[in-house]
Amino acid sequence: MATTSPNKLSLFPLLSLLCFISIFFLLSLSRRASLSSPNTHRSATVFTPRSDDASRTVASSTCDLSDGSWIYDSNFRSARYDSSCKEIFKGWNCVRNNKTNGLEISKWRWKPKDCDLPSFDPLEFLETHRNTNIGFVGDSLNRNMFVSLFCMLKSATGELKKWRPVGADRGFTFLQYNLTIAYHRTNLLARYGRWSANANGGELESLGFMEGYRIDVDIPDSSWIKASSFHDILILNTGHWWWAPSKFDPSKSPMLFFEGGRPILPPINPAAGLDRVLNHMVNFVEKTKRPGGIIFFQTQSPRHFEGGDWDQGGTCQRLQPLSPGKVEELFSVRNNGTNVEVRLVNQHLFNSFKSRSNFHVLDITRMSEYRADAHPAAAGGKNHDDCMHWCLPGITDTWNDLFVATLYTIKA
(Lines give C-alpha, C1' and ligand atoms only; values in the text may rest on other atoms or scores of the structure.)
Protein backbone atom coordinates (compact mmCIF):
# COMPACT_ATOMS: atom_id res chain seq x y z
CA MET A 1 0.00 0.00 0.00
CA ALA A 2 1.34 3.43 -0.95
CA THR A 3 2.17 5.93 1.78
CA THR A 4 2.19 9.77 1.72
CA SER A 5 5.31 11.51 2.93
CA PRO A 6 5.03 13.82 5.95
CA ASN A 7 6.56 16.69 3.90
CA LYS A 8 3.71 16.62 1.36
CA LEU A 9 1.08 16.53 4.11
CA SER A 10 2.59 19.58 5.80
CA LEU A 11 2.36 21.63 2.60
CA PHE A 12 -1.40 21.14 2.14
CA PRO A 13 -2.60 23.53 4.90
CA LEU A 14 -0.16 26.21 3.66
CA LEU A 15 -1.37 25.95 0.05
CA SER A 16 -5.01 26.11 1.20
CA LEU A 17 -4.30 29.25 3.22
CA LEU A 18 -2.58 30.93 0.25
CA CYS A 19 -5.56 30.14 -2.05
CA PHE A 20 -8.00 31.57 0.50
CA ILE A 21 -5.95 34.78 0.87
CA SER A 22 -5.74 35.19 -2.94
CA ILE A 23 -9.51 34.78 -3.38
CA PHE A 24 -10.22 37.25 -0.54
CA PHE A 25 -7.82 39.81 -2.07
CA LEU A 26 -9.46 39.58 -5.52
CA LEU A 27 -12.95 39.93 -4.05
CA SER A 28 -11.81 42.97 -2.07
CA LEU A 29 -10.45 44.65 -5.22
CA SER A 30 -13.70 43.93 -7.07
CA ARG A 31 -15.79 45.45 -4.27
CA ARG A 32 -13.64 48.61 -4.21
CA ALA A 33 -14.02 49.04 -7.96
CA SER A 34 -17.81 48.76 -7.75
CA LEU A 35 -18.02 51.35 -4.97
CA SER A 36 -16.01 53.86 -7.00
CA SER A 37 -18.32 53.50 -10.01
CA PRO A 38 -20.59 56.56 -10.53
CA ASN A 39 -23.67 54.35 -10.63
CA THR A 40 -23.03 52.81 -7.20
CA HIS A 41 -21.47 55.68 -5.27
CA ARG A 42 -22.96 55.46 -1.80
CA SER A 43 -23.38 59.26 -1.53
CA ALA A 44 -24.99 59.58 -4.96
CA THR A 45 -28.62 60.50 -5.51
CA VAL A 46 -30.04 59.35 -8.83
CA PHE A 47 -33.09 60.69 -10.70
CA THR A 48 -33.95 58.58 -13.73
CA PRO A 49 -35.97 60.23 -16.53
CA ARG A 50 -38.99 58.54 -18.03
CA SER A 51 -39.13 58.22 -21.80
CA ASP A 52 -41.88 60.26 -23.48
CA ASP A 53 -43.12 60.01 -27.05
CA ALA A 54 -43.00 63.78 -27.47
CA SER A 55 -39.40 63.99 -26.29
CA ARG A 56 -37.79 61.05 -28.04
CA THR A 57 -34.67 61.34 -30.15
CA VAL A 58 -33.00 59.11 -32.68
CA ALA A 59 -30.27 57.30 -30.74
CA SER A 60 -26.82 56.77 -32.13
CA SER A 61 -25.81 53.24 -33.07
CA THR A 62 -24.08 52.80 -29.73
CA CYS A 63 -25.71 55.03 -27.13
CA ASP A 64 -28.56 57.52 -26.70
CA LEU A 65 -26.84 60.37 -24.87
CA SER A 66 -30.16 62.04 -24.02
CA ASP A 67 -31.49 59.07 -22.03
CA GLY A 68 -29.97 58.72 -18.59
CA SER A 69 -29.88 59.92 -14.98
CA TRP A 70 -28.70 62.88 -12.95
CA ILE A 71 -26.17 61.82 -10.33
CA TYR A 72 -25.22 64.02 -7.40
CA ASP A 73 -21.73 63.81 -5.99
CA SER A 74 -20.61 66.35 -3.39
CA ASN A 75 -17.01 65.86 -4.54
CA PHE A 76 -17.77 66.39 -8.22
CA ARG A 77 -16.54 69.62 -9.85
CA SER A 78 -18.00 70.08 -13.31
CA ALA A 79 -17.77 73.86 -13.65
CA ARG A 80 -15.07 74.80 -16.14
CA TYR A 81 -15.45 78.53 -15.51
CA ASP A 82 -16.76 80.69 -12.71
CA SER A 83 -19.01 83.67 -12.10
CA SER A 84 -16.26 86.07 -13.23
CA CYS A 85 -16.92 85.31 -16.92
CA LYS A 86 -18.12 88.71 -18.12
CA GLU A 87 -20.33 87.40 -20.91
CA ILE A 88 -22.73 85.86 -18.37
CA PHE A 89 -25.94 87.86 -18.44
CA LYS A 90 -26.40 89.43 -15.01
CA GLY A 91 -29.67 87.64 -14.30
CA TRP A 92 -28.11 84.24 -15.03
CA ASN A 93 -25.13 84.64 -12.71
CA CYS A 94 -26.64 82.68 -9.83
CA VAL A 95 -23.44 82.38 -7.77
CA ARG A 96 -22.79 86.11 -7.84
CA ASN A 97 -26.49 86.76 -7.16
CA ASN A 98 -26.30 84.52 -4.06
CA LYS A 99 -28.85 81.94 -5.15
CA THR A 100 -29.16 79.42 -2.32
CA ASN A 101 -28.01 76.44 -4.39
CA GLY A 102 -25.89 78.37 -6.89
CA LEU A 103 -22.77 76.27 -6.27
CA GLU A 104 -24.67 72.99 -5.90
CA ILE A 105 -26.13 73.12 -9.43
CA SER A 106 -22.83 72.07 -11.02
CA LYS A 107 -22.39 69.10 -8.69
CA TRP A 108 -25.01 67.16 -10.63
CA ARG A 109 -23.77 65.34 -13.70
CA TRP A 110 -25.59 63.57 -16.48
CA LYS A 111 -24.96 59.84 -16.88
CA PRO A 112 -26.45 58.23 -20.01
CA LYS A 113 -27.74 54.69 -19.47
CA ASP A 114 -25.36 52.80 -21.74
CA CYS A 115 -22.26 54.99 -21.86
CA ASP A 116 -20.68 58.14 -20.41
CA LEU A 117 -20.99 61.78 -21.39
CA PRO A 118 -17.61 63.28 -20.55
CA SER A 119 -17.01 66.95 -19.89
CA PHE A 120 -15.45 68.16 -23.11
CA ASP A 121 -11.93 69.59 -23.08
CA PRO A 122 -12.06 73.27 -24.19
CA LEU A 123 -8.43 73.30 -25.34
CA GLU A 124 -8.86 70.13 -27.37
CA PHE A 125 -12.01 71.61 -28.91
CA LEU A 126 -10.14 74.76 -29.93
CA GLU A 127 -7.31 72.69 -31.41
CA THR A 128 -9.61 70.46 -33.45
CA HIS A 129 -11.80 73.32 -34.69
CA ARG A 130 -9.27 75.76 -36.04
CA ASN A 131 -10.57 78.00 -38.84
CA THR A 132 -14.18 77.19 -37.92
CA ASN A 133 -17.27 79.38 -37.56
CA ILE A 134 -19.99 78.26 -35.14
CA GLY A 135 -23.35 80.02 -35.06
CA PHE A 136 -26.19 79.84 -32.54
CA VAL A 137 -29.47 80.97 -34.12
CA GLY A 138 -32.58 81.34 -32.00
CA ASP A 139 -34.12 82.79 -28.87
CA SER A 140 -32.54 83.58 -25.49
CA LEU A 141 -32.26 79.88 -24.58
CA ASN A 142 -29.81 79.48 -27.43
CA ARG A 143 -27.97 82.52 -26.08
CA ASN A 144 -27.82 80.68 -22.74
CA MET A 145 -25.97 77.86 -24.49
CA PHE A 146 -23.78 80.25 -26.51
CA VAL A 147 -22.59 82.03 -23.36
CA SER A 148 -21.80 78.69 -21.72
CA LEU A 149 -19.64 77.63 -24.67
CA PHE A 150 -17.90 81.01 -24.77
CA CYS A 151 -17.02 80.93 -21.07
CA MET A 152 -15.65 77.39 -21.30
CA LEU A 153 -13.49 78.21 -24.32
CA LYS A 154 -12.31 81.46 -22.75
CA SER A 155 -11.08 79.48 -19.74
CA ALA A 156 -8.56 77.84 -22.10
CA THR A 157 -7.34 81.00 -23.84
CA GLY A 158 -7.76 84.72 -23.32
CA GLU A 159 -6.57 85.67 -26.79
CA LEU A 160 -9.80 86.79 -28.39
CA LYS A 161 -11.58 89.76 -29.87
CA LYS A 162 -15.19 90.80 -30.19
CA TRP A 163 -16.31 90.32 -33.75
CA ARG A 164 -19.83 89.86 -35.06
CA PRO A 165 -20.75 88.27 -38.39
CA VAL A 166 -23.52 90.01 -40.35
CA GLY A 167 -26.74 90.05 -38.32
CA ALA A 168 -25.25 88.57 -35.14
CA ASP A 169 -26.16 89.97 -31.74
CA ARG A 170 -22.92 88.75 -30.10
CA GLY A 171 -19.70 87.30 -31.48
CA PHE A 172 -16.09 86.46 -30.59
CA THR A 173 -13.04 85.16 -32.42
CA PHE A 174 -10.40 83.12 -30.57
CA LEU A 175 -7.40 84.54 -32.37
CA GLN A 176 -4.84 81.76 -31.94
CA TYR A 177 -7.25 79.26 -33.47
CA ASN A 178 -9.26 81.50 -35.82
CA LEU A 179 -12.41 80.03 -34.27
CA THR A 180 -15.45 82.29 -34.29
CA ILE A 181 -18.61 81.72 -32.28
CA ALA A 182 -21.64 83.98 -32.65
CA TYR A 183 -25.22 84.33 -31.48
CA HIS A 184 -27.93 85.45 -33.92
CA ARG A 185 -31.08 86.47 -32.07
CA THR A 186 -34.38 85.48 -33.64
CA ASN A 187 -37.53 84.51 -31.79
CA LEU A 188 -39.52 82.78 -34.54
CA LEU A 189 -36.80 82.11 -37.15
CA ALA A 190 -39.15 83.72 -39.68
CA ARG A 191 -39.44 87.47 -40.27
CA TYR A 192 -42.18 89.13 -38.25
CA GLY A 193 -43.37 92.57 -37.21
CA ARG A 194 -46.40 94.62 -36.21
CA TRP A 195 -49.38 94.65 -38.57
CA SER A 196 -52.24 97.17 -38.66
CA ALA A 197 -55.36 97.24 -40.78
CA ASN A 198 -55.25 99.26 -43.98
CA ALA A 199 -57.78 102.07 -44.15
CA ASN A 200 -58.61 100.95 -47.68
CA GLY A 201 -59.43 97.46 -46.51
CA GLY A 202 -58.01 94.07 -47.50
CA GLU A 203 -58.40 90.34 -47.12
CA LEU A 204 -57.65 90.27 -43.39
CA GLU A 205 -59.55 93.49 -42.77
CA SER A 206 -62.64 91.91 -44.33
CA LEU A 207 -62.44 89.20 -41.68
CA GLY A 208 -62.43 91.77 -38.89
CA PHE A 209 -58.71 91.89 -38.09
CA MET A 210 -57.54 95.33 -36.98
CA GLU A 211 -54.03 94.64 -35.68
CA GLY A 212 -51.62 91.86 -34.86
CA TYR A 213 -48.23 90.46 -35.88
CA ARG A 214 -47.37 89.58 -39.45
CA ILE A 215 -45.24 86.45 -39.75
CA ASP A 216 -43.81 85.68 -43.21
CA VAL A 217 -43.43 81.92 -42.97
CA ASP A 218 -41.18 81.70 -46.04
CA ILE A 219 -38.73 84.53 -45.22
CA PRO A 220 -35.92 84.09 -42.65
CA ASP A 221 -35.41 86.83 -40.08
CA SER A 222 -32.75 89.28 -41.26
CA SER A 223 -30.59 88.53 -38.19
CA TRP A 224 -29.59 85.15 -39.56
CA ILE A 225 -30.34 85.24 -43.28
CA LYS A 226 -26.59 84.99 -44.02
CA ALA A 227 -25.72 82.70 -41.10
CA SER A 228 -26.12 79.35 -42.85
CA SER A 229 -23.75 80.38 -45.65
CA PHE A 230 -21.16 81.75 -43.18
CA HIS A 231 -21.02 79.24 -40.33
CA ASP A 232 -19.53 75.77 -40.63
CA ILE A 233 -21.62 74.56 -37.70
CA LEU A 234 -25.09 75.91 -36.96
CA ILE A 235 -27.28 75.31 -33.89
CA LEU A 236 -30.87 76.50 -34.32
CA ASN A 237 -33.83 76.66 -31.95
CA THR A 238 -37.30 78.13 -31.65
CA GLY A 239 -40.30 77.37 -29.46
CA HIS A 240 -41.08 79.56 -26.47
CA TRP A 241 -42.46 82.45 -28.45
CA TRP A 242 -44.93 80.25 -30.33
CA TRP A 243 -46.92 79.68 -27.14
CA ALA A 244 -46.66 83.19 -25.68
CA PRO A 245 -50.14 84.69 -25.20
CA SER A 246 -48.62 87.62 -23.29
CA LYS A 247 -46.85 88.60 -26.53
CA PHE A 248 -49.19 87.30 -29.21
CA ASP A 249 -52.61 87.70 -27.61
CA PRO A 250 -55.07 85.67 -29.74
CA SER A 251 -57.67 88.44 -29.65
CA LYS A 252 -55.71 91.69 -29.26
CA SER A 253 -52.50 90.96 -31.20
CA PRO A 254 -52.84 87.61 -33.00
CA MET A 255 -50.21 85.95 -35.17
CA LEU A 256 -51.19 86.54 -38.80
CA PHE A 257 -49.34 84.30 -41.23
CA PHE A 258 -48.26 85.32 -44.73
CA GLU A 259 -46.77 83.23 -47.52
CA GLY A 260 -45.55 84.55 -50.85
CA GLY A 261 -46.41 88.05 -49.66
CA ARG A 262 -50.12 87.29 -49.16
CA PRO A 263 -52.05 86.32 -46.02
CA ILE A 264 -52.74 82.62 -45.57
CA LEU A 265 -56.51 82.17 -45.76
CA PRO A 266 -58.37 80.97 -43.96
CA PRO A 267 -56.10 82.12 -41.10
CA ILE A 268 -54.14 79.32 -39.40
CA ASN A 269 -53.31 78.88 -35.72
CA PRO A 270 -49.78 79.16 -34.25
CA ALA A 271 -49.22 75.39 -34.29
CA ALA A 272 -49.90 75.20 -38.03
CA GLY A 273 -47.84 78.35 -38.52
CA LEU A 274 -44.89 76.74 -36.73
CA ASP A 275 -45.07 73.74 -39.07
CA ARG A 276 -44.94 75.98 -42.11
CA VAL A 277 -42.07 78.05 -40.74
CA LEU A 278 -40.06 74.93 -39.91
CA ASN A 279 -40.62 73.53 -43.39
CA HIS A 280 -39.51 76.74 -45.11
CA MET A 281 -36.56 77.41 -42.80
CA VAL A 282 -35.25 73.86 -43.15
CA ASN A 283 -35.45 74.15 -46.94
CA PHE A 284 -33.66 77.50 -46.76
CA VAL A 285 -30.82 76.13 -44.65
CA GLU A 286 -30.40 73.06 -46.86
CA LYS A 287 -30.10 75.28 -49.94
CA THR A 288 -27.76 77.88 -48.45
CA LYS A 289 -25.52 75.95 -46.03
CA ARG A 290 -21.79 75.77 -46.65
CA PRO A 291 -20.36 72.65 -48.30
CA GLY A 292 -19.77 70.20 -45.49
CA GLY A 293 -21.75 72.35 -43.07
CA ILE A 294 -23.18 70.61 -40.00
CA ILE A 295 -26.65 71.66 -38.85
CA PHE A 296 -28.15 71.00 -35.41
CA PHE A 297 -31.65 71.77 -34.20
CA GLN A 298 -32.04 72.00 -30.46
CA THR A 299 -35.23 70.61 -28.88
CA GLN A 300 -37.32 72.72 -26.54
CA SER A 301 -35.87 73.86 -23.23
CA PRO A 302 -38.44 73.35 -20.44
CA ARG A 303 -39.77 75.98 -18.07
CA HIS A 304 -40.52 75.04 -14.45
CA PHE A 305 -43.21 77.41 -13.21
CA GLU A 306 -45.28 76.02 -10.35
CA GLY A 307 -48.40 77.64 -8.91
CA GLY A 308 -49.09 79.64 -12.07
CA ASP A 309 -47.33 81.13 -15.07
CA TRP A 310 -44.64 83.83 -14.85
CA ASP A 311 -47.25 86.63 -14.68
CA GLN A 312 -49.53 84.72 -12.29
CA GLY A 313 -47.18 84.34 -9.34
CA GLY A 314 -45.51 81.14 -10.58
CA THR A 315 -42.24 80.19 -8.87
CA CYS A 316 -39.40 77.65 -9.08
CA GLN A 317 -37.86 77.39 -5.62
CA ARG A 318 -36.74 73.77 -5.67
CA LEU A 319 -33.18 72.90 -4.66
CA GLN A 320 -32.98 69.42 -6.22
CA PRO A 321 -34.05 67.79 -9.50
CA LEU A 322 -37.64 66.65 -9.82
CA SER A 323 -38.86 63.09 -9.35
CA PRO A 324 -40.22 61.28 -12.44
CA GLY A 325 -43.79 61.63 -11.15
CA LYS A 326 -43.47 65.39 -10.72
CA VAL A 327 -41.98 65.71 -14.19
CA GLU A 328 -45.03 64.04 -15.70
CA GLU A 329 -47.32 66.25 -13.64
CA LEU A 330 -45.63 69.41 -14.94
CA PHE A 331 -45.03 68.43 -18.56
CA SER A 332 -47.53 65.80 -19.64
CA VAL A 333 -49.53 66.93 -22.66
CA ARG A 334 -52.54 65.16 -21.17
CA ASN A 335 -52.43 67.37 -18.07
CA ASN A 336 -52.21 70.54 -20.20
CA GLY A 337 -50.32 72.31 -17.43
CA THR A 338 -48.48 75.63 -17.30
CA ASN A 339 -45.32 74.25 -18.91
CA VAL A 340 -46.94 71.99 -21.50
CA GLU A 341 -45.47 73.85 -24.48
CA VAL A 342 -42.15 72.01 -24.18
CA ARG A 343 -43.61 68.72 -25.39
CA LEU A 344 -46.06 70.35 -27.79
CA VAL A 345 -43.21 72.13 -29.56
CA ASN A 346 -41.14 68.95 -29.65
CA GLN A 347 -43.95 67.08 -31.39
CA HIS A 348 -43.73 69.61 -34.22
CA LEU A 349 -39.92 69.53 -34.27
CA PHE A 350 -39.63 65.76 -34.48
CA ASN A 351 -42.29 65.59 -37.20
CA SER A 352 -40.40 68.21 -39.21
CA PHE A 353 -36.98 66.53 -38.95
CA LYS A 354 -37.81 62.84 -39.07
CA SER A 355 -37.02 62.68 -42.81
CA ARG A 356 -34.27 65.32 -42.88
CA SER A 357 -30.94 63.54 -42.89
CA ASN A 358 -28.97 66.81 -43.06
CA PHE A 359 -30.25 67.92 -39.64
CA HIS A 360 -29.07 66.54 -36.32
CA VAL A 361 -31.55 66.86 -33.46
CA LEU A 362 -29.88 67.88 -30.20
CA ASP A 363 -32.27 66.52 -27.57
CA ILE A 364 -31.70 68.62 -24.47
CA THR A 365 -35.30 68.25 -23.25
CA ARG A 366 -35.26 65.00 -21.32
CA MET A 367 -32.21 65.86 -19.24
CA SER A 368 -33.52 69.39 -18.62
CA GLU A 369 -37.08 68.55 -17.54
CA TYR A 370 -35.70 67.26 -14.24
CA ARG A 371 -33.64 70.36 -13.40
CA ALA A 372 -36.21 72.61 -11.73
CA ASP A 373 -33.42 73.52 -9.33
CA ALA A 374 -31.19 75.08 -12.01
CA HIS A 375 -33.10 78.26 -12.95
CA PRO A 376 -32.24 81.74 -11.59
CA ALA A 377 -35.69 81.92 -9.91
CA ALA A 378 -35.85 84.91 -7.54
CA ALA A 379 -32.10 85.55 -8.01
CA GLY A 380 -32.74 86.57 -11.63
CA GLY A 381 -33.33 90.19 -10.68
CA LYS A 382 -36.80 90.42 -12.22
CA ASN A 383 -40.10 91.25 -10.55
CA HIS A 384 -41.01 87.58 -10.95
CA ASP A 385 -39.17 84.27 -10.73
CA ASP A 386 -37.16 83.43 -13.85
CA CYS A 387 -38.05 79.77 -14.34
CA MET A 388 -37.20 79.71 -18.04
CA HIS A 389 -33.51 80.63 -18.40
CA TRP A 390 -30.70 78.73 -16.70
CA CYS A 391 -28.02 79.59 -14.16
CA LEU A 392 -24.44 79.82 -15.42
CA PRO A 393 -22.40 77.80 -14.68
CA GLY A 394 -25.14 75.23 -14.94
CA ILE A 395 -27.08 72.81 -17.08
CA THR A 396 -26.27 74.47 -20.41
CA ASP A 397 -22.68 73.34 -19.83
CA THR A 398 -24.05 69.80 -20.11
CA TRP A 399 -25.91 70.79 -23.28
CA ASN A 400 -22.54 71.74 -24.73
CA ASP A 401 -21.05 68.42 -23.62
CA LEU A 402 -23.89 66.76 -25.54
CA PHE A 403 -23.29 69.03 -28.55
CA VAL A 404 -19.54 68.36 -28.64
CA ALA A 405 -19.92 64.60 -28.14
CA THR A 406 -22.48 64.45 -30.95
CA LEU A 407 -20.28 66.63 -33.16
CA TYR A 408 -17.28 64.34 -32.68
CA THR A 409 -19.47 61.34 -33.54
CA ILE A 410 -20.65 63.00 -36.76
CA LYS A 411 -17.08 63.82 -37.77
CA ALA A 412 -15.69 60.40 -36.89
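Counting begins at 1 with the first residue of the sequence.
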Enquirer: Provide the full list of salt bridge (charged side-chain N to carboxylate O under 4.0 Å, His left out) pairs with a residue in residues 268-280, sequence neighbours left out, each pair given once.
Expert: E259-R276
Enquirer: Do NZ/NE/NH1/NH2 and the carboxylate oxygens of R343 and E328 come within less than 4.0 Å?
Expert: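 The answer is yes: the pair qualifies as a salt bridge.
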Enquirer: Which residues satisfy the side-chain hydrogen bond (donor to acceptor under 3.5 Å, both in side chains) test with R214, sequence neighbours excluded?
Expert: D216
Enquirer: Check D116 with K111, please: is the shortest side-chain N to carboxylate O separation under 4.0 Å?
Expert: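 Between D116 and K111 there is a salt bridge, with a charged N closer than 4.0 Å to a carboxylate O.
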Enquirer: Does anything in residues 197-207 form a side-chain hydrogen bond (donor to acceptor under 3.5 Å, both in side chains)? List the pairs, not counting sequence neighbours.
Expert: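 Applying side-chain hydrogen bond (donor to acceptor under 3.5 Å, both in side chains) to every pair that reaches into residues 197-207, excluding sequence neighbours, yields E203-R262.
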Enquirer: Please identify each residue that fulfils side chain to side chain contact (heavy atoms under 4.5 Å, CB included) with T173, with sequence neighbours left out.
Expert: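 With sequence neighbours excluded, T173 shows a side chain to side chain contact (heavy atoms under 4.5 Å, CB included) to K161, W163, L175, N178, T180, given in chain and number order.
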Enquirer: Output, in order, the C-alpha distance, side-chain angles, deciding distance and verdict of ring pair (Phe, Tyr, Trp, His ring centres under 6.0 Å) for H304 and F331.
Expert: CA-CA 9 Å; H304 287 91; F331 298 110; 5.2 Å; yes
Enquirer: Tell me which pairs pass salt bridge (charged side-chain N to carboxylate O under 4.0 Å, His left out) where either residue lies in residues 242-255, with sequence neighbours left out.
Expert: none
Enquirer: So does R318 pair up with E306, basic N to acidic O under 4.0 Å?
Expert: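 Yes, this pair counts.
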Enquirer: Ring pair (Phe, Tyr, Trp, His ring centres under 6.0 Å) with F297: which of F350, F353, F136?
Expert: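 The passing option is F353.
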Enquirer: Partners of N97 by side-chain hydrogen bond (donor to acceptor under 3.5 Å, both in side chains), sequence neighbours excluded?
Expert: none
Enquirer: Output yes when a side-chain donor or acceptor of H240 lies under 3.5 Å from a complementary backbone atom of N187, and no otherwise.
Expert: no
